[in-house]
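Because the structure is a prediction, the values reported are computed rather than measured. Keep in mind that the numbers below use all heavy atoms, side chains included, and drop hydrogens, waters and symmetry copies.
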Amino acid sequence: MHNEKIIIFDSGSQYTQLIARKIRELNVYCEIVPYNKNIELTTELKGIIFSGSPFSVRDENHPILPLDKFYGKLPILGICYGAQFIAQSLGGTVSPSKHREYGRAHLININKNDALFQTIEEYSQVWMSHADSIIQVPPTFNITAKTKDIPVAAFSNEFKKVYAIQFHPEVYHTVQGLQILKNFIVSICGCKQDWTPKAYIEMTIAEIKQTVRNDK
């Protein structure tokens, strides 16, 4: 019995474990894998998250995320570096910020019709931590939120189910961050929220028994 799962591709962000914890709080199973791990498309895989990173997409050796593999096949959420990688890879523009944005900010011009921002309030507080800014979104994408200082705080292509946010929904200072993650995991990816740590233990024991059979 395999549960639905979300895969988080980790590009080295200090917050990646927090993303996983928040998703598990929503009773959905998720796994963190290195950004370059080869993951197969399976029926239980419901969505992909690209984490933040200490790297810049403008660095020569920046982490290359498997966007091509999942684009148009599974819902994708890019967070911070993940958002910038999506923007740059699909024809948008990422440039150094005029001033590094670090700390609290407030979302304005939120597109409430966008599935990721259902029930998110105008001026909702978020946490920023980035030295680059998305100046132009890729063709066929729409800006879904801004802040006072940055023109693109979020953007999406709902037809392809690709969502990207410049802020960190997983940290405490993003007040409605759990709701944003829930919108992605439940509304967009369609997860049923039926996973618990207890169910995971039972599933794992059953799998081990199946594998080892009569061996110890």
Please name all residues satisfying side-chain contact (heavy atoms from CB on, under 4.5 Å) with [X], sequence neighbours left out, ordered by chain then number.
{"X": "N142", "value": "none"}
{"X": "D59", "value": "F55, S56, H62"}
{"X": "K112", "value": "I110"}
{"X": "K182", "value": "L26, Q179, V186, Q193"}

Test item: [X] and [Y] side chains (from C-beta on) under 4.5 Å apart, heavy atoms:
{"X": "L18", "Y": "Y172", "result": "no"}
{"X": "I76", "Y": "Y163", "result": "no"}
{"X": "D194", "Y": "N27", "result": "no"}
{"X": "I185", "Y": "I6", "result": "yes"}
{"X": "E25", "Y": "L178", "result": "yes"}
{"X": "F184", "Y": "I23", "result": "no"}
{"X": "F9", "Y": "I49", "result": "no"}
{"X": "E122", "Y": "L107", "result": "no"}

Give the minimum heavy-atom separation between [X] and [Y], together with the two atoms involved.
{"X": "G190", "Y": "E4", "result": "O-OE2, 4.0 Å"}
{"X": "S13", "Y": "S53", "result": "CB-N, 3.9 Å"}
{"X": "I8", "Y": "C30", "result": "CD1-SG, 4.1 Å"}
{"X": "E170", "Y": "L181", "result": "CA-CD1, 4.4 Å"}

Check against side-chain contact (heavy atoms from CB on, under 4.5 Å), W195 and V28
CA-CA 5 Å; W195 177 83; V28 174; 5.6 Å; no
What's the spacing between [X] [atom1] and [Y] [atom2] if we round to 0.5 Å?
{"X": "I7", "Y": "K37", "atom1": "CD1", "atom2": "NZ", "result": "7.5 Å"}
{"X": "I19", "Y": "D10", "atom1": "CD1", "atom2": "CG", "result": "8.0 Å"}
{"X": "M128", "Y": "S133", "atom1": "CE", "atom2": "OG", "result": "8.5 Å"}

Can you list everything that forms a side chain to side chain donor-acceptor pair (under 3.5 Å) with H173? Sequence neighbours excluded, please.
R104
Test of understanding: with ring-ring contact (aromatic ring centres under 6.0 Å, His included), list the residues that count as partners of [X], not counting sequence neighbours.
{"X": "F117", "answer": "none"}
{"X": "F141", "answer": "F155"}
{"X": "Y15", "answer": "H168"}
{"X": "Y35", "answer": "none"}

ILVMFWY cluster membership beyond I135 - transitive side-chain contacts under 4.5 angstrom:
none
Hydrophobic cluster (4.5 angstrom, side-chain heavy atoms) - remaining members for I108:
Y123
Do Y29 and E31 have side-chain N/O donor and acceptor atoms under 3.5 Å apart?
yes
Tell me which donor-acceptor pairs under 3.5 Å the side chains of residues 79-91 have, and how far apart each pair is, sequence neighbours excluded?
residue, atom, partner, partner atom, Å
Y81, OH, P63, O, 2.5
Q84, NE2, D132, O, 3.1
Q84, NE2, Q166, OE1, 3.2
Q88, NE2, V57, O, 3.1
S89, OG, F85, O, 2.7

